[in-house]
Amino acid sequence: MSSPGDGDGKRLEGPPEGPKDFIRAIVERDLKAGAHRSVVTRFPPEPNGYLHIGHAKSICLNFGIAKEFGGRCHLRFDDTNPSKEEQEYVDSIQADVRWLGWDWGGHLYFASNYFQQLFEWALHLVRTGKAYVCDLPADEVRRYRGTLKEPGRESPFRNRSAEENLDLFLRMKAGEFADGSRTLRAKIDMAHPNLNMRDPVLYRILHAEHHRTGDAWCIYPMYDFAHGQSDAIEGITHSVCTLEFEDHRPLYEWFIENLPVPHKPRQYEFARLNLTYTVLSKRKLLELVNKGYVSAWDDPRMPTLAGLRRRGYTPEAIRAFCDRIGVAKSNSTVEVETLEGCLRADLNRTALRRMAVLHPLRVVVTNYPEGKAEELEVPNNPEDPAAGSRAVPFSRTLYIERDDFREDPPKKFFRLAPGREVRLRAAYFITCQEVVKDETTGEVLELRCTYDPETRGGSAPDGRSPKATLHWVSALHAVDAEVRLYDRLFTKANPDDYPEGEDYKANLNPSSLVVVPAAKLEPALAFVRPGDRVQFERLGYFCADPDSTQAHPVFNRTVTLRDTWAKIEAAQAKR
RNA sequence: UGGGGAGUCGCCAAGCGGUAAGGCACCGGUCUUUGGAACCGGCAUGCGGUGGUUCGAAUCCACCCUCCCCAGCCA
């Protein structure tokens, strides 16, 4: 617990250039006006699921503000509902926030740590006649609440004496009553146009084991009664939440005004993130996990931070994404391409280049000596000379990508075809002399090519330059690996756009995972460790999966490279 | 038809009375030993609509339209 503006957070660089979002503008204004010594924010997840990319937006906002303005940001678990919350989630949430690159210092809190204080504040409301014990069952409470257009009716228990309410509430706490039999409610206004103000429930009876407080309590505070007061206890200056809580702000303020809290925080709301081709509702993500549509919370197709991490996303890319999309109040759906763009920008700078052939087609270099092998020096990253180079073996029998050969090449197809010369990356120019096919099926089995010894390293003394450069792997030296080709989880930009009688799961992408059991990798790839990210030249960025072992390497496709040829081909197909 | 919000380029998003930033996407081009990257150029006489105020309006006023959220003892 601490007073606002202790300022023990990290002091780093100042605010970024360019226009500020409206929340940062408010913080800056308040600080300039001297309303606070320093800014204190908080990220308040409920430990009932894994964090996803939408949470990342909130995390980067809250921790980002604290960092930019020299304040601090608390990590607080909003654990007021023991029936849904688990320790596994509090662990994963901490791991994910850290992975994203943020640090809450010593400021780790739990709303459940405030249960005693909240209880005493409830007592205060009871004593001052502002709360009462209501015996109405849940469905009756609902009926008495009224509707959107009709006012509610007062509970028959609304005018109990403070003494009776005190007695009853104490007995609720003592465990004398069954779950759901009574609630403690605020006495506000059953005719209020804002339904949240129609005598909201403060406490409910729940004889449930809490992941932190065990069986110490059998009454638990509702979100509304816990959140603002927790902010007050921690000295939060700017309590930032999403738009759906806008309607709760009057209640938030009512508690702050009617309770002897040590500090008055203010709530601000911004639009939550929506992303195309995925879902970000905890209910749906939980269903995908529980019903086995994905393997787990960290399935690389999941928009969870754990999933993105396993997929190969970097924290830097996710933070850049959060900066790029901005913060505002209008509902918005960001195209997933924006996220992928941030990822490619980061990986392009940092990922080492390697060669891997996913769908091998054998090439025999007929004029290359049998039994000979040589090593070619290939740069690790053309974007970064400091990344150095590695040796790649070349020999008479190679694999190239099946997609890189066409017997009957269409217009603008620059790759290998009968009689055509192409460059093998960092190796030699080869010319296709002969196509060996299965006589019955017509399948291309092998290409017989010749190479030009003068082009070692990939350039010709006479200056000629093929239009295409192909990646390749020496058959003799190749390492086999499993490669998991991931694609978007849903086929529709908006998964909630589904046919009558179906649900969002009807839009699940049946090809979101395609396994290539035996891709051919250059030998350097045998030494990667789980989590290592590389670019398979011309194919995309890949990340070694935790399932990967020396004997059985496994790579996940993080994202493809931009593919201009695919675009051209698609356009040709249309015509 | 109660209350609370929002409408600026395909997608985000600045702008706060002085004549429409930026990013992503897209389209051209240059360059290239990744059809990658990089680089250059194009991309809203227009800001949900209609009136009004003003020398001047995306910004102010009025009315209207559309979309989102709220009737958990979830958060």
Side-chain angles (χ1 to χ4, degrees), chain A residues 18-21 44-46 48 78-81 83-85 134 136-139 141-143 145-152 179-185 192-198 200-206 220 222-224 226-227 241-250 269 271 276 282-283 323-342 344-345 348-349 353 355 378-379 382-383 412-415 423-427 429 455 457-459 465-471 493 535-540 560-568:
Chain A
K20 281 182 197 52
D21 59 72
E46 182 189 14
N48 68 344
D78 229 333
D79 55 351
T80 57
N81 184 357
S83 62
K84 291 186 176 174
E85 297 152 6
C134 179
L136 252 22
D139 57 325
V141 170
R142 191 182 321 122
R143 302 236 308 261
R145 187 154 33 226
T147 67
L148 294 180
K149 36 199 318 196
E150 294 154 9
D179 285 5
S181 60
R182 278 172 234 262
T183 54
L184 181 74
R185 295 226 257 163
H192 199 109
N194 181 339
L195 304 217
N196 293 123
M197 300 297 272
R198 321 242 262 227
V201 171
L202 270 30
Y203 271 88
R204 74 286 217 183
I205 302 172
L206 229 46
Y220 290 92
M222 298 289 290
Y223 163 84
D224 287 305
H227 201 94
C241 62
T242 44
L243 253 28
E244 66 271 27
F245 292 101
E246 228 157 359
D247 286 343
H248 293 244
R249 198 187 330 134
E269 310 87 10
T276 55
K282 278 197 190 176
R283 196 209 101 225
D323 281 347
R324 183 174 288 182
I325 58 177
V327 177
K329 293 198 72 158
S330 64
N331 292 314
S332 59
T333 301
V334 177
E335 293 173 333
V336 72
E337 289 83 351
T338 304
L339 212 210
E340 293 171 344
C342 292
R344 291 192 182 106
N348 178 52
R349 288 185 2 244
R353 272 56 171 177
M355 290 197 284
V378 185
E383 299 293 318
K412 293 189 184 170
F413 181 90
F414 304 144
R415 282 112 93 148
R423 170 166 41 230
L424 293 180
R425 171 100 239 245
F429 294 179
T455 59
S459 55
S465 183
K467 291 197 90 168
T469 300
L470 311 186
H471 60 280
Q535 182 195 101
F536 288 174
E537 290 213 38
R538 300 208 308 133
L539 296 177
T560 61
L561 255 29
R562 284 186 64 232
D563 189 347
T564 304
W565 164 242
K567 229 177 273 181
I568 294 169

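Throughout, a chain's letter reflects where its sequence line sits, starting with A, and its residues are numbered from 1.
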Can you check nucleotides 73-75 of chain B for protein contacts, nitrogen or oxygen pairs under 3.5 Å, and list what you find?
{"from": "B/C73", "atom 1": "OP1", "to": "A/Arg145", "atom 2": "NH2", "distance (Å)": "3.3"}
{"from": "B/C73", "atom 1": "OP2", "to": "A/Arg145", "atom 2": "NH1", "distance (Å)": "3.1"}
{"from": "B/C73", "atom 1": "N3", "to": "A/Gly180", "atom 2": "O", "distance (Å)": "3.1"}
{"from": "B/C73", "atom 1": "N4", "to": "A/Leu136", "atom 2": "O", "distance (Å)": "2.7"}
{"from": "B/C73", "atom 1": "N4", "to": "A/Ala138", "atom 2": "N", "distance (Å)": "2.9"}
{"from": "B/C73", "atom 1": "N4", "to": "A/Gly180", "atom 2": "O", "distance (Å)": "2.9"}
{"from": "B/C74", "atom 1": "OP2", "to": "A/Arg204", "atom 2": "NE", "distance (Å)": "3.0"}
{"from": "B/C74", "atom 1": "OP2", "to": "A/Arg204", "atom 2": "NH2", "distance (Å)": "2.8"}
{"from": "B/C74", "atom 1": "O3'", "to": "A/Arg204", "atom 2": "NH2", "distance (Å)": "3.2"}
{"from": "B/C74", "atom 1": "O2'", "to": "A/Asn81", "atom 2": "ND2", "distance (Å)": "2.9"}
{"from": "B/A75", "atom 1": "OP1", "to": "A/Thr80", "atom 2": "OG1", "distance (Å)": "2.7"}
{"from": "B/A75", "atom 1": "OP1", "to": "A/Arg204", "atom 2": "NH1", "distance (Å)": "3.3"}
{"from": "B/A75", "atom 1": "OP1", "to": "A/Arg204", "atom 2": "NH2", "distance (Å)": "3.0"}
{"from": "B/A75", "atom 1": "OP2", "to": "A/Tyr223", "atom 2": "N", "distance (Å)": "2.9"}
{"from": "B/A75", "atom 1": "O3'", "to": "A/Asp78", "atom 2": "OD2", "distance (Å)": "3.4"}
{"from": "B/A75", "atom 1": "N6", "to": "A/His248", "atom 2": "NE2", "distance (Å)": "3.2"}

Taking atom [atom1] in both [N] and [M], compute the distance separating them and give it to the nearest angstrom.
| N | M | atom1 | result |
| --- | --- | --- | --- |
| B/G23 | B/C64 | C1' | 34 Å |
| B/C69 | B/C16 | P | 31 Å |
| B/C65 | B/U50 | C1' | 10 Å |
| B/G36 | B/C26 | P | 12 Å |
| B/G42 | B/A6 | P | 35 Å |
| B/C27 | B/C63 | C1' | 41 Å |
| B/G3 | B/U8 | P | 25 Å |
| B/G52 | B/A57 | C1' | 11 Å |

N-glycosidic conformation, B/G42 - syn within 90 degrees of 0, else anti: anti
Mark yes or no for whether [X], through its side chain, and [Y], through its backbone, hold a donor-acceptor pair below 3.5 Å.
| X | Y | answer |
| --- | --- | --- |
| A/Arg423 | A/Gly458 | yes |
| A/Arg344 | A/Thr560 | yes |
| A/Asn194 | A/Asp247 | yes |
| A/Thr147 | A/Glu150 | yes |
| A/Arg145 | A/Gly152 | no |

Sequence neighbours excluded, which residues qualify as salt bridge (Lys or Arg N to Asp or Glu O under 4.0 Å) partners of [X]?
| X | result |
| --- | --- |
| A/Glu244 | A/Arg272 |
| A/Arg425 | A/Glu537 |
| A/Lys329 | A/Glu246, A/Glu269 |
| A/Arg562 | none |

With sugar-phosphate meaning primed atoms plus P, OP1 and OP2, does [X] contact a base, only sugar-phosphate, or nothing at under 4.0 Å between heavy atoms?
| X | value |
| --- | --- |
| A/Ser332 | sugar-phosphate |
| A/Thr333 | sugar-phosphate |
| A/Phe429 | nothing |
| A/Pro151 | nothing |
| A/Glu269 | nothing |
| A/Leu424 | nothing |

Letter per nucleotide, 5' to 3', of nucleotides 21-31 of chain B [B base touched, S only sugar-phosphate touched, - untouched; heavy atoms, 4.0 Å]: B-SS-S-----
Tell me: [atom1] of [X] to [atom2] of [N], nearest whole Å?
| X | N | atom1 | atom2 | value |
| --- | --- | --- | --- | --- |
| A/Glu537 | B/A37 | CD | P | 13 Å |
| A/Arg425 | B/U32 | CZ | C1' | 10 Å |
| A/Glu150 | B/G3 | CD | P | 14 Å |
| A/Glu383 | B/U32 | CD | C1' | 11 Å |
| A/Ile325 | B/A14 | CD1 | P | 12 Å |
| A/Leu148 | B/C68 | CG | P | 15 Å |
| A/Asp323 | B/A14 | CG | P | 13 Å |
| A/Lys20 | B/G15 | NZ | P | 10 Å |

Contacts of type side-chain hydrogen bond (donor to acceptor under 3.5 Å, both in side chains), residue A/Arg143, not counting sequence neighbours: A/Glu140
With A/His248 via side-chain hydrogen bond (donor to acceptor under 3.5 Å, both in side chains) - residues at least two apart: A/Asp224
CZ-OG1 distance between A/Arg415 and A/Thr469, expressed to the nearest 0.5 angstrom: 11.0 Å
Heavy-atom check, side chain of A/Pro45 versus side chain of A/Asp78, under 4.5 Å: no
Min side-chain heavy-atom separation A/Tyr220-A/Thr80 under 4.5 Å: no
5' precedence on RNA chain B between A/Gln535 and A/Asp21 (nearest-nucleotide basis): A/Asp21
Residue mapping more 5' on RNA chain B - nearest nucleotide basis, A/Thr455 or A/Gly146: A/Thr455
Range-with-range stems for RNA chain B, at least three Watson-Crick or G-U pairs under 3.5 Å: B:2-7 with B:65-70, B:10-12 with B:22-24, B:26-30 with B:38-42, B:48-52 with B:60-64
Counterpart residues, ring pair (Phe, Tyr, Trp, His ring centres under 6.0 Å), relative to A/His227 (two or more places apart): A/Tyr223
Ring pair (Phe, Tyr, Trp, His ring centres under 6.0 Å) partners for A/Phe413, two or more places apart: A/Trp565
For nucleotides 4-6 of chain B, tabulate all protein N/O to nucleotide N/O atom pairs closer than 3.5 Å, reporting atom names and distance.
{"from": "B/G4", "atom 1": "O2'", "to": "A/Asp247", "atom 2": "OD1", "distance (Å)": "3.4"}
{"from": "B/G5", "atom 1": "O2'", "to": "A/Glu246", "atom 2": "OE1", "distance (Å)": "3.4"}

Side-chain donor/acceptor of A/Arg538 to base of B/G35, under 3.5 Å: no
